[in-house]
Amino acid sequence: MGEGALVNEKADPGSWTNHREDGFVRSFDFAPRDSYNAAGQGPIDMPRQSRPARARRKKNVDAQLPPPSLKRAFQRRLLAWYREHGRDLPWRKTSDPYHILVSEVMLQQTQVDRVIPKYHEFLERYPSFAELADAPVSDVKKTWYPLGYNIRPERLHSIARETVARYGGSLPNDADELLSFKGIGRYTAGAIRSFAFNEDAPILDTNVIRVLHRVFIAEGDPKAQKSRLWALSESLIPRGKGYDFNQGIMDFGAMVCTARDPYCLLCPMKSICKTYPFDAGTNGS
DNA sequence: CTCCGGTAAA
DNA sequence: TTTACCGGAG
């Protein structure tokens, strides 16, 4: 329905490498490095490829990643910016997986400023998975009000019950196990793994989509390139620094690379950003 | 009024 | 790939 003026980049995922003279990685790496691959998918099973001409459509996202020098520049600048400007948020003072989960579920569709007081109130009332699991779901929903999307407290409650029943009251750190909970999707699983368990797991929320698309891609509809952006998000994490990198890129998206009127003039990425200078006033083309 | 947003389901 | 879910902000 909403095609509009946006060109669909699905047509040729490889084209954008052509207009950069420094050239992104060309080597083909068919090993799926994405730890979020669907369960059961392995190198063994072979996709039907009876039409070689059309097979080219399927994206080799690993072949479109930035070169190491560009990745390093982005990483260095982001971490430096985050050290200086990162926000001091309540859920950054803890690594308790329960606290991280509560914050992430609240933050899924609700702004930081509205989440902060409710985060404290909720944890005061339900200090652990066990206490949340024991509470009537109707009470949990009342405590949740007025955050909205009220399926979330129901799912949070069911996560608590399952965590107590099947995991001894502690959240698992395995990606597929996390994804098996109703209410934990790919973003939240990555957030839990990186923020609670300090793993180098990728995240992709709208902030990250916006930042990575602007800096590294700059064409097409960002939301239509999720698999490529997931691969980018994963490939950019400096080894051992998933926590700071992920927190940093979300703060950066919220504070500098904002959806409207980004602060391009003070942006540390301006010299490497494919979108700089962003001009909100004109329609892009 | 319109826009925004992770997950699950269609 | 599109949409329902809820509230708040612009």
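Order of the sequence lines fixes the chain letters, A, B, ..., with proteins taken first and strands second; residue numbering starts at 1 for each chain.
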Classify the nucleic acid contact of A:Ile184 as base, sugar-phosphate or nothing, counting any heavy atom under 4.0 Å across all strands shown.
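Here A:Ile184 touches the backbone only, sparing every base.
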Using a heavy-atom cut-off of under 4.0 Å over every strand shown, decide if A:Thr188 touches base, sugar-phosphate, or nothing.
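It contacts sugar-phosphate atoms only.
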Using chain A heavy atoms and a threshold of under 4.0 Å, write down where along DNA chain B the contacts begin and end, 5' to 3'.
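Counting from the 5' end, contacts occupy B:dG5 to B:dA9.
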Contacts under 3.5 Å, N or O only, protein and nucleotides 6-8 of chain C:
{"unit_1": "C:dC6", "atom_1": "O4'", "unit_2": "A:Tyr149", "atom_2": "N", "d": "3.2"}
{"unit_1": "C:dC6", "atom_1": "N3", "unit_2": "A:Tyr149", "atom_2": "OH", "d": "3.1"}

For A:Gln111, all residues meeting side chain to side chain contact (heavy atoms under 4.5 Å, CB included), sequence neighbours excluded
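Once residues adjacent in sequence are excluded, the partners of A:Gln111 under the side chain to side chain contact (heavy atoms under 4.5 Å, CB included) criterion are A:Arg114.
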Contacts of type side-chain hydrogen bond (donor to acceptor under 3.5 Å, both in side chains), residue A:Thr188, not counting sequence neighbours:
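Expected list: A:Gln108.
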List for me each residue that meets side-chain hydrogen bond (donor to acceptor under 3.5 Å, both in side chains) alongside A:Lys71, sequence neighbours excluded, and say none if there are none.
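If we apply the side-chain hydrogen bond (donor to acceptor under 3.5 Å, both in side chains) test to A:Lys71, skipping adjacent residues, there are no hits.
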Ionic contact status for A:Asp88 with A:Lys93, cut-off 4.0 Å:
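Yes, this pair counts.
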Whether A:Asp113 and A:Lys118 form a salt bridge (side-chain N of Lys/Arg under 4.0 Å from carboxylate O of Asp/Glu) is what I want to check.
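Salt bridge between A:Lys118 and A:Asp113, a charged N being under 4.0 Å from a carboxylate O: no.
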For A:Phe181, does the six-membered ring have the charged nitrogen or CZ of A:Arg155 within the cation-pi criterion, i.e. under 6.0 angstrom from the centroid and within 45° of the normal?
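No cation-pi geometry.
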Looking at A:His157, is its backbone amide N or carbonyl O close enough to the side chain of A:Arg161 to form a donor-acceptor pair, meaning the two atoms are under 3.5 Å apart?
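No.
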Remaining members of the apolar cluster that contains A:Tyr276, side-chain heavy atoms under 4.5 Å
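Members other than A:Tyr276 - counting any ILVMFWY side chain reachable under 4.5 Å - are A:Leu265.
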Between A:Arg210 and A:Arg155, who's closer to the 5' end of DNA chain B by nearest nucleotide?
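Of the two residues, A:Arg210 wins.
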